[in-house]
Colleague: 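Please read through the structure below; I'll follow up with questions.
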Amino acid sequence: MQDRGEDLKSKLEIAKQAAFQAGRYVREALGRVEHFSTKSSVTDLVTEVDRQSEALIKKLLRENFPEDRILGEEGGIEEPGRGGKEGQRPDLWIIDPLDGTTNFVQGLPFFSISVALQRGGDIVLGVVYDPNRHEIFYAHRNFGCWLNDKPIRVSEQNTLQESLVCTGFPYNLSPEEETLLNIQDVAPRVRDLRALGSAALELAYVACGRLTGYWEWRLSPWDVAAGKLLVEEAGGCVTTCQGEPFSLSSPSILATNGRIHSELVRLLSRR
Ligand code: IPD
Ligand code: CA
Ligand code: CA
Ligand code: CA
């Protein structure tokens, strides 16, 4: 029988395969989608491609790991089909089948597929796949972070002034939104600011040093589960915007290379 460390290696391989399959499907549909519907607000879009991508990932995970639970953005939680191990909490897959739906609908090739595995309360595997650049970012708890099989690290900038920082906007944006107030405080103090539109990929970009830091409010577990592990395993730091320990139910996330973390916490906590 496989021990629980060995079985993570095979789970990582299947998670990568699932992200590749779903990514290929989403990439091929880019520019061909004519219909979308809305969810929580008029700006919160969903397409048939989101749903089909989730179905593809769930099918592969279910075939290989029938005893696991699966949480997907579009379909909610699926309980194990069979064979849960006695006395052991089942592993939970957390998937975002298309992170960056607005970009996708607009034909803007910046989106990703995110697959994470939670075991006993910790994220232990994370995969973020960018099908437009064929870049797969992945991490295995305590074994580092990788981009297309090369190890990656966060950036080395020491000050905000030399940092490229990123954020994102929640779907129900109010004029008093923390994000907007934060931007007033952060934008004048950094090299530049971005909002690229895929939380999972933005976290992967912090992990590989393309971005120095990233914060966002009111995300969901599937947006951040994989990316959080990528950043940590690449040597970065992940907390809430107030600098408190981050959990998947936290109201905000701040991920940086570690070196600019306390400076950003100070700015983001002003409001
Ligand atoms: C969204 C993206 C976006 C972020 C939104 C998320 P979705 O996810 O990650 O960057 O700003 O808050 O909901 O809906 O495209 O999977
Ligand atoms: Ca969505
Ligand atoms: Ca998402
Ligand atoms: Ca999504």
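Keep in mind that the numbers below use all heavy atoms, side chains included, and drop hydrogens, waters and symmetry copies.
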Colleague: Below 4.0 angstrom, N of the basic side chain to O of the carboxylate: do Lys39 and Glu73 qualify?
Modeller: yes

Colleague: Does Lys11 count as lying over the ring of Phe65, i.e. NZ or CZ under 6.0 Å from the six-ring centre, within 45 degrees of the axis?
Modeller: yes

Colleague: Within this structure, what is the OG-CG distance for the pair Ser114 and Leu230, rounded to the nearest 0.5 Å?
Modeller: 8.0 Å

Colleague: Got a donor-acceptor contact below 3.5 angstrom from the Gln21 side chain to the Leu56 backbone?
Modeller: no

Colleague: Using atom types as modelled and distance alone, determine if a side-chain donor or acceptor of Ser252 lies under 3.5 Å from a backbone N or O of Thr240.
Modeller: no

Colleague: Give a yes-or-no answer on whether the side chains of Thr47 and His35 include a donor-acceptor pair shorter than 3.5 Å.
Modeller: no

Colleague: For Glu74, does its backbone N or O pair with a side-chain atom of Glu54 as donor and acceptor, under 3.5 Å?
Modeller: yes

Colleague: Give a yes or no on whether a salt bridge exists between Asp192 and Arg194, defined as a side-chain N under 4.0 angstrom from a carboxylate O.
Modeller: yes

Colleague: Check whether any side-chain N or O of Asn257 sits under 3.5 Å from a backbone N or O of Val154 as a donor-acceptor pair, and report yes or no.
Modeller: no

Colleague: Given 3.5 Å as the limit, does a donor-acceptor pair link the side chain of Thr167 with the main chain of Trp215, or not?
Modeller: yes

Colleague: For the pair Tyr138 and Trp146, name the ring-plane relationship: parallel under 30°, tilted 30 to 60°, perpendicular over 60°.
Modeller: parallel

Colleague: I'd like to know if Lys9 pairs up with Glu13 as an ion pair, taking the criterion as any Lys NZ or Arg NE/NH1/NH2 lying under 4.0 Å from an Asp or Glu carboxylate oxygen.
Modeller: no

Colleague: Could you check whether any side-chain N or O of Asp130 sits under 3.5 Å from a backbone N or O of Asn132, counting only pairs where one atom can act as donor and the other as acceptor?
Modeller: yes

Colleague: About how many Å separate CZ of Arg153 and CG of Leu147, when rounded to the nearest 0.5 Å?
Modeller: 14.5 Å

Colleague: With sequence neighbours left out, which residue pairs that include part of residues 166-189 fulfil the salt bridge (Lys or Arg N to Asp or Glu O under 4.0 Å) condition?
Modeller: Glu177-Arg218, Asp185-Arg270, Asp185-Arg271

Colleague: Do side-chain atoms of Ser53 reach the backbone of Asp50 as a donor and acceptor pair under 3.5 angstrom?
Modeller: no

Colleague: Looking at Thr38, is its backbone amide N or carbonyl O close enough to the side chain of Asp44 to form a donor-acceptor pair, meaning the two atoms are under 3.5 Å apart?
Modeller: no

Colleague: Flag the pair Arg191 and Glu162 as a salt bridge only when some basic side-chain nitrogen lies within less than 4.0 angstrom of an acidic carboxylate oxygen.
Modeller: no

Colleague: One thing to verify: whether Glu233 and Arg141 come together as a salt bridge, which I'm taking to mean a side-chain N less than 4.0 angstrom from a carboxylate O.
Modeller: yes

Colleague: Under 3.5 Å, side chain of Ser163 to main-chain N/O of Thr159, donor-acceptor pair present?
Modeller: yes

Colleague: Sequence neighbours left out, cut at 3.5 Å: what donor-acceptor pairs do the side chains of residues 220-228 make with other protein atoms?
Modeller:
{"residue": "Asp223", "atom": "OD2", "partner": "Ser220", "partner atom": "N", "Å": "2.7"}
{"residue": "Lys228", "atom": "NZ", "partner": "Glu232", "partner atom": "OE1", "Å": "3.1"}
{"residue": "Lys228", "atom": "NZ", "partner": "Glu232", "partner atom": "OE2", "Å": "2.7"}

